[in-house]
**Q** 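Below is the structure I would like to discuss, written out as C-alpha cells.
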Amino acid sequence: MKDGMLEFSDWPMFDLLMTDKELCREVIEIILDESIADIEYIVTEDDVRPTLTNHGVRLDAFVKTKNEIYDIEMQTTKREDLGRRMRYYQGALDTLTLRKGEGYEELPPCIIIFICMHDPFDEGLPVYTLDVNCLEKPSARIGHGFLWKALSAPAWDKLPEGRLQNLLHYVWTGEAGEDPLMGQLAVAVKKANKNENWRKEKMALLTFEEDMEIQRRIAEKKGQERGQIIGLQMGLEQGLAEGLEQGLAEGREQGLAEGREQGLAEGREQGLAEGRAEAASEVASLMALLLGAERLDDARRAAVDESYRDELMREFGVSQAE
C-alpha cells in the first residue's frame, strides 16, 4: 500500500487481478517457465477447510486447468513456518480435489506458488523450488505429482535478465518497465484503485492484518485503549471505535439497557463500562490466542464474522456471556 493506493503486492489487489484468466495464466507461465493449459476457472479469496473441526486455509488464487491445479499466493509478512504452511495447503488441496471412492492416481498434478515480499528461507535465493526425492537415490521416481515454489521479490536483481526478473522487480518496486505483462498489470492496478468503495473496503482489511500485533499489546492496557481495539476489530456496529471514554459519555441512555442485558446491577454507568470491558477482554483474549497460534486468517475472519468468532471462543475456551 502506497500513498493510500493498493499495489499489486497487496493481497486484495493481487486476488482481484488473478481473476483475469489471461493475466493469471501469464504470471504462472513466467514463474514456471513453461506453458500451461487453458484455465477452466479461478477461485480467489476462498476458505478451504478439510473438515468442520480442522484449521482452514484461505487461498489467494486457486486455478484449475483441464488436468492440473495451481495455488498462487502473495505473502507479504514474514512467516517462519512457511514450509509447514505449504505442507498444510497441499493436504487441504488434495482433500478438496479427491472425491470419495477415487483412487490416489486420480489426484491431479498440483503446483503451489508463494510470491514473498521477503526471503522465505533466508538463503539469499530469488527462487526456491521444493520437491520430494529419495535421499538415498535422488534419481528414483517418486510420482507424488506436486511441486512447491517460493519466490523472493527483494532478490529480483539476482535473477538473469528476463521475464521472471521483470515480474519480481514489478512486485517489489511497482515499476512496470518495458515488459508488456507488467504494463497490463500496472494498468489493471490503476483501474481497480479508481473504485473508491472497493479500495476503502480492502484497505480496511489490509490494515487490520498489519495492526494485529499492535492491537494485542494495546488490549492489555487501560480501558480506553481496550475500547479502541474492540472498535477496530468489531467495527462501527459495536460502537467502540471512539474508545470507552467516549462510549461512556455518549452511551448513558444505552447503559441501562446494556447493563440489564448483562445483568449488571450497578445501573447505567457501571453497566456500560463493565459490559464493554467484558466484551473487550474476551475478544482481546481470543485475538491474543489466535496471534500466539499464528492464525491470522482466522483472526481476520473473526473480526467481521460474529458466528465464527463465537465458534473460535468455544474452541479456545474463552468465556462468553450467556
Side-chain angles (χ1 to χ4, degrees), residues 1-2 6-11 13-39 42 60-63 65 67-80 82-83 85-87 89-90 109-135 138-139 141-142 144-190:
M1 188 163 50
K2 183 179 181 181
L6 293 172
E7 298 181 279
F8 179 65
S9 57
D10 294 317
W11 66 260
M13 183 65 73
F14 178 78
D15 291 2
L16 176 65
L17 266 59
M18 287 301 95
T19 60
D20 185 304
K21 289 184 179 181
E22 284 305 307
L23 293 180
C24 184
R25 180 184 59 80
E26 283 203 59
V27 168
I28 293 175
E29 289 183 344
I30 288 174
I31 293 172
L32 300 182
D33 193 26
E34 64 183 28
S35 298
I36 67 171
D38 290 341
I39 293 175
I42 302 169
D60 280 346
F62 174 78
V63 182
T65 65
N67 297 314
E68 298 87 18
I69 59 174
Y70 303 86
D71 172 41
I72 182 166
E73 303 285 327
M74 181 64 70
Q75 187 71 33
T76 58
T77 57
K78 179 73 172 178
R79 298 294 299 263
E80 299 297 332
L82 183 61
R85 185 180 182 89
M86 296 175 85
R87 167 187 164 185
Y89 276 43
Q90 184 67 62
C110 176
I111 297 178
I112 296 176
I113 300 167
F114 273 72
I115 303 175
C116 303
M117 297 296 284
H118 54 271
D119 188 335
F121 302 112
D122 298 322
E123 294 294 338
L125 298 177
V127 179
Y128 297 86
T129 302
L130 311 175
D131 201 351
V132 173
N133 59 30
C134 176
L135 296 179
S139 62
R141 299 184 63 181
I142 309 303
H144 49 285
F146 66 81
L147 185 73
W148 303 344
K149 275 187 174 288
L151 310 181
S152 174
W156 65 268
D157 55 350
K158 295 183 179 180
L159 286 166
E161 290 186 3
R163 303 204 71 193
L164 183 56
Q165 185 193 70
N166 295 343
L167 175 62
L168 292 191
H169 176 262
Y170 175 64
V171 170
W172 182 245
T173 67
E175 299 171 0
E178 301 298 323
D179 190 291
L181 175 61
M182 308 316 136
Q184 292 178 55
L185 292 174
V187 169
V189 167
K190 185 176 181 180

**Q** Side chains of Leu164 and Val127, heavy atoms from C-beta outward: is any pair under 4.5 Å?
**A**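 In contact.
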**Q** Has the side chain of Glu175 got a donor or acceptor atom that lies under 3.5 Å from a matching backbone atom of His169?
**A**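 No: the side chain of Glu175 does not pair with the backbone of His169.
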**Q** Which pairs with one or both residues in residues 153-163 pass side-chain hydrogen bond (donor to acceptor under 3.5 Å, both in side chains), sequence neighbours excluded?
**A**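 Found Arg163-Asp179.
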**Q** Any idea which heavy atoms bring Gln90 and Cys110 closest together, and the distance?
**A**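 Closest approach of Gln90 to Cys110: NE2-SG, 3.5 Å.
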**Q** Kindly determine whether Ile39 and Tyr70 satisfy side-chain contact (heavy atoms from CB on, under 4.5 Å), including the steps that lead there.
**A** CA-CA 10 Å; Ile39 293 175; Tyr70 303 86; over 6 Å; no
**Q** With Thr129, which residues qualify under side chain to side chain donor-acceptor pair (under 3.5 Å), at least two apart?
**A**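 Checked Thr129 against side chain to side chain donor-acceptor pair (under 3.5 Å); matches are Lys149.
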**Q** Give a yes or no on whether the backbone of Ile112 and the side-chain of Asp71 come within a donor-acceptor separation of less than 3.5 Å.
**A**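 Side chain of Asp71 to backbone of Ile112, a donor-acceptor pair under 3.5 Å: no, none is there.
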**Q** Testing the basics here: between Met117 and Ala153, what is the closest heavy-atom pair and its distance to 0.1 Å?
**A**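 Smallest heavy-atom distance, with atoms named: SD-CB, 4.2 Å.
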**Q** Which atom pair, heavy atoms only, marks the closest approach of Glu7 to Met13?
**A**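 So the two residues come closest at O-CB, 3.1 Å.
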**Q** Does Glu22 form a side-chain contact (heavy atoms from CB on, under 4.5 Å) with Gln184? I'd like the steps, not just the answer.
**A** CA-CA 10 Å; Glu22 284 305 307; Gln184 292 178 55; over 6 Å; no
**Q** Looking only at atom types and distance, does a side-chain atom of Asn133 sit under 3.5 Å from a main-chain N or O of Pro138, one as donor and one as acceptor?
**A**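 Not confirmed, Asn133 side chain does not pair with Pro138 backbone.
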**Q** Provide the closest heavy-atom pair for Glu26 versus Leu181 in the form atom of the first, atom of the second, distance.
**A**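 Shortest heavy-atom contact: CB-CD2, 3.7 Å.
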**Q** Within a strict 4.5 Å, meaning less than it, do heavy atoms of the Phe14 and Glu73 side chains meet?
**A**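 With C-beta onward as the side chain, the pair stays apart.
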**Q** Check whether any side-chain N or O of Glu178 sits under 3.5 Å from a backbone N or O of Pro180 as a donor-acceptor pair, and report yes or no.
**A**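 Not at all, since once roles are kept as given, no pair shorter than 3.5 Å links the two residues.
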**Q** Taking Asn166 for the side chain and Tyr170 for the main chain, is one N or O donor matched with an acceptor at less than 3.5 Å?
**A**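 No; judged by distance alone, with no hydrogens or angles, the pair does not exist.
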**Q** Walk me through it: do Ile31 and Ile115 pass the test side-chain contact (heavy atoms from CB on, under 4.5 Å)?
**A** CA-CA 10 Å; Ile31 293 172; Ile115 303 175; 4.0 Å; yes
**Q** Using a cut-off of 6.0 Å, state whether more than 12 heavy atoms not belonging to Asp122 lie near its atom CG.
**A**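 Yes - once you tally the heavy atoms of other residues, nucleotides and ligands closer than 6.0 Å, there are more than 12.
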**Q** Are any non-hydrogen side-chain atoms of Met18 and Met74 less than 4.5 angstrom apart?
**A**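 The answer is no; the side chains never approach within 4.5 Å.
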**Q** Using the rule ring pair (Phe, Tyr, Trp, His ring centres under 6.0 Å), only one of Phe121, Tyr89, Tyr128 pairs with Phe114; which is it?
**A**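 When Phe121, Tyr89, Tyr128 are each tested with Phe114, the ring pair (Phe, Tyr, Trp, His ring centres under 6.0 Å) holds only for Tyr89.
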**Q** Without swapping roles, check the side chain of Asp20 against the backbone of Leu17 for a donor-acceptor pair under 3.5 Å.
**A**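 No: the side chain of Asp20 does not pair with the backbone of Leu17.
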**Q** Just by distance, do the side chain of Glu68 and the backbone of Pro109 share a donor-acceptor pair under 3.5 Å?
**A**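 Answer holds: no.
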**Q** List the atom of Leu82, the atom of Pro120, and the distance in Å for their closest heavy-atom pair.
**A**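 Closest pair (atom of Leu82, atom of Pro120, distance): CD2-CB, 3.4 Å.
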